[in-house]
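For clarity, every value in this text was computed on a predicted model and none was experimentally measured. Basis for what follows: all heavy atoms, side chains included, without hydrogens, waters or symmetry-related copies.
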Protein chains: 2
Amino acid sequence: MPHKHVKEMEALKEHLGKHQLKLTRQRELILNAFLRQEHITAEAMYHQLAKADPHLGLATIYRTLNLFCDAGLAQARHFGSQTKYDNVSHKGHHDHLICTGCEKIVEFENEEIERLQEEVAARNGFTIKNHRLELYGLCSSCRH
Amino acid sequence: MPHKHVKEMEALKEHLGKHQLKLTRQRELILNAFLRQEHITAEAMYHQLAKADPHLGLATIYRTLNLFCDAGLAQARHFGSQTKYDNVSHKGHHDHLICTGCEKIVEFENEEIERLQEEVAARNGFTIKNHRLELYGLCSSCRH
DNA sequence: TTGAAATTGATAAACTGTCTCAAAATTATA
DNA sequence: TATAATTTTGAGACAGTTTATCAATTTCAA
Ligand SMILES: [Mn+2]
Ligand SMILES: [Mn+2]
Ligand SMILES: [Zn+2]
Ligand SMILES: [Zn+2]
């Protein structure tokens, strides 16, 4: 039977090949777990994987998630006080709506906002390399 | 001679009064130092004030800056990896352009973006309480 | 002026993330 | 497949930042 996440696995292998890095059991394990979620903290993944491999070290989780960032599969995002790794392997740039009641995260894209950002930057002589837009509030469930 | 920052001092006193908090020498000292800058880290303020009062503790700086946040005079912002306290006493909400070359920070407001944010939130059933928009890039000086 | 309540300073502790290094795993080569 | 060079791992030490603790001090209402 075919494994899931074949495309992402290929992308990782390509990155590894280009940088003299090796494909390890841990990297495969963490990749598969990572691709199963949208946003996750290193700590949460650590606990999640403790069942599958109780000896997997937290440092390895951090190292591997950072590797995924380098490979373009993940992106570290600082939501409030915690750092979550965003699964960006199968989607482009996007921003976030975050419910402060239930922690739900909704992703969105808005070209008009992006365009206005460029406009603001240009007006101030800046060239934008990247940006962060987070909207914090209550989702419809939590408002009641 | 009249002291500076009278209005902000009044605002602080009002907050203190409402919460059974006391006005101390340290709080006055830190308020005046804080209002002299736009964005500053707790650590930077600690070193800055070491000259005026070598015994002022770092914990007091943190406590007091957080108090200013509660009082609506300051706002903690996480720029890149450091936390800076933003002086919002004499201006309303605003967002930031941050130069990754020289650390320069430019403030801006854009009603159109704010409006579009509300639109995005409404479309997803959210009510926004606050938001964060940061544009990272290079200023005109650093681009050369 | 007094005394209850809040604040302070010093430092311990918590927290998050990175570094170190010997042991283990991977991969190229023979 | 065996060998050996190189990379990776896991455990815990370590570092940076912020909060908690607590006895001593200060504030302020009565
Ligand atoms: Mn996302
Ligand atoms: Mn600002
Ligand atoms: Zn919610
Ligand atoms: Zn610059």
Across the strands shown, which category fits A/L58 at heavy-atom distances under 4.0 angstrom: base, sugar-phosphate, nothing?
nothing
Test B/R63 against B/T60 for side chain to side chain donor-acceptor pair (under 3.5 Å), laying out the working first.
CA-CA 5 Å; B/R63 280 189 291 235; B/T60 301; 3.3 Å; yes
Within less than 4.0 Å of OP1 or OP2 of C/dG17, is there a side-chain N or O belonging to A/N66?
no
Can you tell me whether the side chain of B/R63 and the base of C/dG9 have a donor-acceptor pair closer than 3.5 Å?
yes
Could you state the NZ-P distance from A/K13 to C/dT26, rounded to the nearest angstrom?
13 Å
Trace of the salt bridge (charged side-chain N to carboxylate O under 4.0 Å, His left out) decision for B/E134 with B/R77:
CA-CA 10 Å; B/E134 286 150 26; B/R77 303 239 186 204; 5.2 Å; no
May I ask you to verify if any side-chain N or O of B/R27 is less than 4.0 angstrom from the OP1 or OP2 atom of C/dT7?
yes
Would B/F68 and B/Y85 count as a ring-ring contact (aromatic ring centres under 6.0 Å, His included) here? Give the steps.
CA-CA 9 Å; B/F68 294 169; B/Y85 288 83; 9.0 Å; no
Mark yes or no for a side-chain to base donor-acceptor pair under 3.5 Å between B/K22 and D/dT26, with no hydrogen or angle criteria applied.
no
Closest-nucleotide 5' rank along DNA chain C - winner of A/R25 and A/S81
A/S81
Within this structure, what is the CG-to-P distance between B/L56 and D/dT25, rounded to whole angstrom?
17 Å
Integer-rounded Å distance: C/dT7 P and B/L67 CG
8 Å
Between A/L65 (CG) and D/dT9 (C1'), how many Å, whole number?
15 Å
A/H55 atom NE2, over 12 foreign heavy atoms within 6.0 Å:
no
Counting only side-chain N and O atoms of B/Y62, is one of them less than 4.0 Å from OP1 or OP2 of D/dT19?
no
Whole angstrom is fine here: how far is it from CE in B/M45 over to P in D/dT18?
14 Å
On the nucleotide C/dG17, are OP1 or OP2 found under 4.0 Å from the side-chain N or O atoms that A/T83 carries?
yes
Rounded off to whole Å, could you give me the CD-to-C1' distance for the B/Q20 and D/dT26 pair?
17 Å
D/dA11 phosphate, OP1 or OP2: any side-chain N/O from A/H55 under 4.0 angstrom?
yes
So what does A/E43 hit on the nucleic acid, given a heavy-atom distance under 4.0 Å: a base, only sugar-phosphate, or nothing?
nothing
Quickly work out the B/H47 NE2 to D/dT17 P distance and round it to whole Å.
11 Å
With a cut-off of less than 4.0 Å, is there a side-chain N or O of B/T60 near OP1 or OP2 of C/dG9?
yes
Compare every heavy atom of B/K13 with every heavy atom of B/L23, then report the nearest pair and how far apart it is.
CD2-CE, 3.7 Å
Hey, does B/Q82 reach any base, or is it just sugar-phosphate, or nothing, if we go heavy atoms under 4.0 Å?
nothing
Using OP1 and OP2 only, check whether a side-chain N or O of A/H19 sits under 4.0 Å from D/dT7.
no
d(CD1, B/I30; C1', C/dG9) in whole Å:
12 Å
Any B/T24 side-chain N or O less than 4.0 Å from OP1/OP2 of C/dT8:
yes
Is the shortest side-chain N to carboxylate O distance from A/E109 to A/K91 below 4.0 Å?
no
If the cut-off is 4.0 Å, is A/Q26 near the phosphate of D/dG10, judged by side-chain N/O to OP1 or OP2?
yes
